[in-house]
Amino acid sequence: MFDLVPFGKRRDDVFGVLAKSLNEVFNDEFFAPMTGAAQSFRTDIRESGQAYLIEAELPGFKKEEIDIDYTRPYLTIKAVRKEENAQENEEHQLVRRERRYGEYVRRFYVQDIAEDEIRASLKDGMLSLEVPKQQKSQGKRIEIQDNGSSGEQLQ
């Protein structure tokens, strides 16, 4: 019959439901280009002992529309979309015209990489980058010699 929720909580709940309803309306796919999430793209990053593997979802982009830049210490992937669709009827009157313009950017902070060896490929809307790590020197053990065993004497 009645909710067993204190009156003050019930008021918050009503406003919470209203806010949730409005969010669902404005999160509809029709409004997607206006939201901040539309200016980004999904990425997966894996790390092995020798490299980082970055996979970015960029469906519909051609390789000419994608720019990859490494300016120490940031790796930047930028994709620019300039798309225009127009439909006309038999009398060449414009029936519908849609335009989408946008810049999609992701920046990654990476250090100690071999920047000259980064490789990228694009297949079926999936951008793959292999970012090799800089090989750290293993070090070298230095032997300490006795003064009398070096064979030469300093004068």
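This chain uses plain numbering: 1 for the first residue, then up along the sequence. Side-chain atoms are counted along with the backbone in the values below, which use heavy atoms only and exclude waters and symmetry mates.
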> Report the distance from atom CD1 of I77 to atom CG of D67, rounding to the nearest 0.5 Å.
10.0 Å
> Cation-pi check, R81 to F61: give yes when NZ or CZ is under 6.0 Å from the six-membered ring centre and within 45° of the ring axis, no otherwise.
yes
> Indicate the atoms forming the closest heavy-atom contact of P132 with A51, along with that distance.
CA-CB, 3.7 Å
> Run V131 and I54 through side chain to side chain contact (heavy atoms under 4.5 Å, CB included) and show every step you take.
CA-CA 8 Å; V131 183; I54 301 171; 4.3 Å; yes
> Would you confirm whether the ring centroid of Y74 sits within less than 6.0 angstrom of the ring centroid of Y109?
yes
> Return the set of residues passing side chain to side chain contact (heavy atoms under 4.5 Å, CB included) with E64 (not counting sequence neighbours), or none when no residue passes.
K62
> Measuring from atom CD1 of I68 to atom CG of L129, what distance do you get when rounded to the nearest 0.5 angstrom?
4.5 Å
> Would you find a donor on one side and an acceptor on the other, under 3.5 Å apart, between the side chain of K133 and the backbone of E47?
no
> Tell me whether the guanidinium CZ or amine NZ of K78 lies under 6.0 angstrom from the six-membered ring centre of Y104 and within 45° of its axis.
no
> Just do the side chain to side chain contact (heavy atoms under 4.5 Å, CB included) check on F108 and I45 with the steps written out, would you?
CA-CA 10 Å; F108 303 96; I45 302 171; 3.6 Å; yes
> If you group Ile, Leu, Val, Met, Phe, Trp and Tyr whenever their side-chain heavy atoms sit less than 4.5 Å apart, what else falls in with V80?
none
> Mind checking the OH-CD1 spacing from Y70 to I113? Nearest 0.5 Å is all I need.
4.0 Å
> Going from CD on E117 to CD on Q135, what distance comes out if it is rounded to the nearest 0.5 angstrom?
8.5 Å
> For I66 and L58, what are the C-alpha separation, side-chain angles and deciding distance, and is it a side chain to side chain contact (heavy atoms under 4.5 Å, CB included)?
CA-CA 9 Å; I66 301 170; L58 293 167; 3.7 Å; yes
> Should E57 and F41 be marked as a side chain to side chain contact (heavy atoms under 4.5 Å, CB included) after you check the CA-CA gap, both sets of side-chain angles, and the distance that decides it?
CA-CA 6 Å; E57 293 180 6; F41 48 87; 5.5 Å; no
> Can we say R42 and E55 salt-bridge, meaning some charged N sits less than 4.0 Å from an Asp/Glu carboxylate O?
no
> Rounded to the nearest 0.5 Å, how far apart are CZ of R106 and CG of L127?
12.0 Å
> State, yes or no, whether a side-chain contact exists between E115 and Q134 at a heavy-atom distance under 4.5 Å.
no
> Taking atom CD of E130 and atom OG of S121, what is their separation to the nearest 0.5 Å?
9.5 Å
